[in-house]
Each structure stands twice: as C-alpha cells, then as structure tokens.
Amino acid sequence: MKQLFFSLLLLCGALTLKAEDGHQLWLRPHPAAPVTVVSAAKNSLLLATAKQELQRGWQGAAGANVRLTIKKDKALRNDGFRLSATSVEAATEAGLLYGVFELLRRQQTGQPLAAGVSNPSYELRVLNHWDNLDGSVERGYAGQSIFWRKDSAFAVTARDKALWQAYARADASVGINGAVINNVNSSPQMLSGPYLARTKAIADELRPFGVKVFLSVKFSSPALLGGLKTSDPLDPAVISWWKNKTKEVYALIPDFGGFVVKASSEGQPGPQDYGRTHADGANLLADAVRPFGGLVMWRAFVYSPADKDRAKQAYNEFVPLDGKFRDNVIIQVKNGPIDFQPREPFSPLFGALKKTAVMPEFQITQEYLGQSTDLVFLAPMWEECLGSDTYQAGPGSTVARCTDGSVYPQRHSAMAGVANVGLATNWTGQDFGQANWYAFGRLAWNNTMKSSQIADEWLRLTFAESATTAAGQPAPAAADWNAHFLAPMTQLLLASREAAVNYSMPLGLHHIMSATYDHYGPGPWWAPDKMRADWTPPYYHQAAANGVGFDRTTAGSNAVSQYHEPLAAQFNDPATCPDEYLLWFHHLPWDFKMKSGRTLWDELALHYDLGVHQVRQFQQTWDAARPYVDAERFATVQNKLRAQSGNAVLWKDACLLYFQQFSRLPIPASVEPPMHTLEGVIANDQRPQRQRR
Ligand code: BDP
C-alpha cells in the first residue's frame, strides 16, 4: 500500500517535472489524496465526471468521504450548489460538478471554503467561437480551430476527442455551460449533413462536462442551402424549412442549445432584406426551437454607413421592438455601443430594453487589445461594464442586474464571451490570455466578483509551485511566494487593462487602430478614398485644428440622450463627463482645460507616455518573478512583454505625431521624445503584405 502511494507520488512528480507548456491551463495536476465519493444520485455522465474530478484532484484529508447529493430546495437556483468541506448539494447534476470544482479550487488555492450556497448569476454562460468551417478563426490569435479542419473536416480523430474533452473540462471548471462552435459570420453549409454530423460528435464529447452546443446560423440559409426562393421570415415555406431543419438537428443532438444569429449587420443577410424586423426574424427561429426547449441569441451588433453616429444605431433599431420578442429570445449586446474597444461606456441598450431579455457579450479574444502579444487582463474591463449603473429602473440598476433577471422579469438569462481558444499548445497564444478565459467563466457565474479575487485565484492555480519544475530547486516558502510573486503579479494584472487604454486610446478615444485586416497597432490616419467612413479612424477621432473627439452631446449626434438621467446630463457636460469618456462624448479644443488643470493636449500626451512606462514596469515585475516561474513560460512571456513594450511606444509615437499635425503644440518636456517618425509609422502600416479590410 505504502509502496503504491510512493509510486503514485513519483508519477505525479514526473508529471509536474515536465516543463510547463501551458496546456494544463489552471488545472495543472497535483498529487491527489485518496477520497471516497458517496452518492445516492443515480449514475449519469455528469455524476461520473464529478466523481472522477474529486478523485483526480482531492487535496483534503486523506481517506475523506465526500457526499454528493441532489437536492431540490428554494435556495438552489439553476445549477447552484451548497458546499461544506465534505459535501456538495445541488438541484442538478451539473450543479454537483460545479460544486466539486469549487471545492477543489478552494483546496488548491488554500482559500477558506465559503460554506453555503453559490448560485450562478446567469442561466447560460456561453463561449462564442468565431471558428470557420475551413479551420480558420476570425480574430483568432491562437492558431487554427479546435473544432474544424480544412481537409479532413469530417474524420473525427482520437486527438480531436481528447482536445474537445480537455476544452470542455476547462469550461466546466469555471462554470461555462455552452459553446457556440462556429463563427457568427456563418456559412450556410453549417446546417448541411456532414457539418451537423461533426457537430454531433463534438456535442458527444462536451456533454459529460455539461457544455451544450449551439450553432450560429446564416439567416438566408433557406435560400442558400435549402434552395427556396426566399428567406423571408414570414413566408410559410421558410417557416417550415426552419422547423424541419431544427428537428433534424435535435434528432442528432437532443440537448442542442439553440441558435445565434448575426443579422442585417456588416453585410450579413437578415430580416430587413425582406422588409421585416429583427423581431420577425428572431421569432421565426424561436418558434422552431421552442418545442425542444431551445434558445435564440439574436445579436444587436448592427450599424449602417447611412447613420451619422454608429454608436446610436443598435439602440434606435431595438428599443422600438421591446416586448415584441418571444421569451426564448435573448438579445446579445456588446459591452459598448461600438465594438469591443479598449474602453467604451456601456451600451445604452442595457436597461433600456425592459420587456426583452438582454445578455452582455464580451470579447475574450483581444482583437483590439494587442491580440496574443499584449498582456492585458480583461476582468477589470468587464467588471467596469457589469458594475455600471444604467439608472433605468432607479439607482442601482447596474448592467449586471439589468441582465441577470434581478431588475426585469426574464425567462432566460445569459452572458457570452468571444473565445480566444485555438490549437496553440497553451490554447490562447499568450499564456496570460488564459486568465481572460478563466475570468469570463468566473464573472458569468458571479457577475459581482472582483477582478482582484479572479486574478489571485488564477495566478495561484496557474503558477504556484511551478518554480520547482524549472530549476529543480525546492519550492519557495508560501510567504515568500505570496510577497514576491503573487502580490506584484496581481497588481500587474489589475493595472494591465488601464495601461493598454493609456498607450492606445486614452481619454475616450476609440477605433483608431490600424485598419489593416488585423486591427493590431495604431492607424489614426487611415482613410482611403471611397472607404465607408464608419470604418475609418478619422470618423471616430475627428481630429482637426479646432480640436479632437466625437461630439455626441445634445448639440452633436445626441447619443447622450440614449442614457438615462443623471448620466445623460453628466456625459453631456465636459465639466462633469468622466475623463475616461471625454473624447467619446465631446469634441474639444486642444487647449481645453482638464480637471487636472492641464491642457487636453498635454493630458493626452501624458496618458500615452504613462502607458509606455506601465508596460516597462510590467517587464521589470516579470523579470523579478523569474525565480517563481518555470523556465518555459518565463521566457515566452518575457518575449511577449518585450514586443508589447515596443508596441506601446509605437502607439504613443504614432498617435502623438499624428495628432500633433492638428494641435501644432509641442510634446510636453516630461514625455519621452518619439523614437519614430510619422512617415515611418505610416509607411510601416501600409506595407503591401498587410492586407486591407
Ligand atoms: C468585429 C470584428 C468582426 C466581427 C464583428 C462581430 O472585427 O470580425 O465579425 O465584430 O462581432 O469587432 O460580428
């Protein structure tokens, strides 16, 4: 017996001695103590997973009996659970699994168990994978799709299955229970036989971890795939095509989750092509999935070049439709009114739709935040959005409460995140991108959770005791690790988003990134002839001799009026508008006097400069973390930070030199002088190999 225990220990030791390549995510293996699982619940896939996880990761008293009990009581909502040191109670089997993961997380992070009930804020916590059927990933920076492959699309291999299981396990460990496995810019082929067969194979692997599969569908599928003359949502043939197609899907996947639709947006077809409304379109699909308990997530990301202010459009289109959607439709709203920029005020649709379920959509993949190069922890950004008070139903009507059912009655609730996962060994490209996947799950489970706690948990789970694997030295004492790794790295994570805002788009600037296809780096100058104005940075920054910023006040586009008082008045007046949204709502002269007493120009320059210094500080913090991190991840992240540092300087130089053409003011003496020229950065951005949008 003793011998067996030692060989087990050795085996686990061998596992941890391997250099860490990040593939284990926050679920790195640890030697487990023996545990007995007692359960009266009848055997099922989910229960088997829960038992297996307990046995795989138990760090509590050796030989403990842990009881898993299905219990229906009022305190337990959806997949919520009640914990004690040796028991998990839940109303559903998925709840037991989430309780087990929470128990293990507490053991591994050494945090005290919060005994009592934990209910999820949202019923559905779903990742949106923008994966194309040819294996490419739109805005994916971590390699090809884990779900689709170009050549052998339909041959499911053992490697595929292992990957899908590992993916689903990671999801489940943070409470994620849904995956939309194809791009919102969907191919009609998605609903064809061979792709549905692969979808079924994926669903089969995700099921034991409680992750339901959803599909993005193209609104014109009845015509494009079904050969019908139209895809008009009110046409009887179209209605029955969707009903039949839906039946076919459910015959393959009985627990299929439902559909996501990007309609009448960025060239995608939609009900408006047939003179119908978003409600007509969404309800068509909602009726098709209703008999099976399915959902429709209908995206509100709509804008057209005709509108003078893109930020207003979704609100204008959706608010008049409030109350016209079926109760199994959820309107999926990006956190800000434009498009996942480093900082946006919350979308005014939150709280404004009072008789329609609304779900927040966040972008985990860092399209506009340095992609898989820059280290940017996004939890503070999402926390900021969820905590924003909309005032729509009185003070305290935060975005979180307006979407989770606390303020308005809604049959379903959900939160979506655009995934950052690909075939890269470490799943997300940048090792710290994993923190954003983790954070999304934790916030979808508890939408008032603090970024600091999420950062703390993730760092402990991801890096604790990794140093021994690097140098073969004994692990640093806990107090030492806490003081010299955990504390500074938590600070780094928490500061990283604001740093990215500072070096790229401070003071409310937005959408001034390089307009080359990849959206990486600065590009405030980009405005080719005949290009849609609302795809060019000058549309958003409006820089001219008389100042900078987009006038969305009552005297301008009047987007401010889409916010409930007191916000409308607060945003409308530059004296009360928070600095971080200033140029979002105002066009102001370069010498405008800021709250700090400085001119707008100086303040802008100081923010850019601060961003650069913050990244340099991150480099130092990481360098000092060397003794606490395995060599492999240390070197990878060190290189990424080096690149990020250069990227920050490029942003600062490019934007200040570009804006200086209009301000005609000197860069303040305290700011590091540019190391680039404007001509140089523009020429670099326009290298022929950089493909245009
Ligand atoms: C934009 C992306 C584009 C997506 C679009 C969307 O650049 O690739 O298709 O969002 O959310 O940010 O539909």
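All residue numbers in this chain count up from 1 along the given sequence. In each ligand, atom 1 is the first atom listed, and ligand 1 is the first ligand listed. What's counted below: heavy atoms across the whole structure, side chains too, no hydrogens, waters or symmetry copies.
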Give yes if a backbone or side-chain nitrogen or oxygen of Glu138 is under 3.5 Å from a nitrogen or oxygen of ligand 1, and no if not.
-> yes

Salt bridge (Lys or Arg N to Asp or Glu O under 4.0 Å) pairs touching residues 430-441, sequence neighbours excluded, are none

* Looking only at atom types and distance, does a side-chain atom of His587 sit under 3.5 Å from a main-chain N or O of Gly549, one as donor and one as acceptor? -> yes

Going by the 4.0 angstrom heavy-atom rule, the piece of Glu367 near ligand 1 is side chain

Check contact between Arg299 and ligand 1, using heavy atoms of the residue and a distance below 4.0 angstrom. yes

Counting from 1 in the order shown, the ligand 1 atoms closer than 4.0 Å to a non-hydrogen atom of Phe301 are 5 (C), 6 (C), 10 (O), 11 (O), 13 (O)

Of all heavy-atom pairs linking Phe318 and Leu353, the shortest is O-CD2, 3.6 Å

Atoms of ligand 1 under 4.0 Å from any heavy atom of Asp339, numbered from 1 in the order shown, are 1 (C), 10 (O), 12 (O)

* Taking Arg125 for the side chain and Gly175 for the main chain, is one N or O donor matched with an acceptor at less than 3.5 Å? -> yes

Tyr368 heavy atoms within 4.0 Å reach ligand 1 at atoms 1 (C), 7 (O), 12 (O)

Open item on the list: Tell me whether His519 reaches ligand 1 (any heavy atom closer than 4.0 angstrom to a ligand atom).
Closed with: yes

Quiz item: Quick one: does Asn185 get an N or O within less than 3.5 Å of an N or O on ligand 1?
Solution: yes

Logged contact type for Val418 with ligand 1, heavy-atom cut-off 4.0 Å, is neither

Residues 357-366 vs side-chain hydrogen bond (donor to acceptor under 3.5 Å, both in side chains), sequence neighbours excluded, gives Arg299-Glu361, Gln332-Glu361, Gln363-Glu367, Gln366-Asn436

Correct closest heavy-atom pair for Lys245 and Leu191 would be NZ-O, 2.7 Å

*ligand 1 contact by Glu361, heavy-atom criterion under 4.0 angstrom*: no

Within 4.0 Å of some non-hydrogen atom of Arg139, the atoms of ligand 1 are 2 (C), 3 (C), 7 (O), 8 (O)

For Lys334, the ligand 1 atoms with a heavy-atom partner under 4.0 Å come out as 1 (C), 5 (C), 6 (C), 10 (O), 11 (O), 12 (O)

query: For the rings on Phe659 and His541, is their centre-to-centre separation under 6.0 Å?
result: yes

Exactly one of Asn446, Asn447, Asp404 clears side-chain hydrogen bond (donor to acceptor under 3.5 Å, both in side chains) with Tyr122, and that residue is Asn447

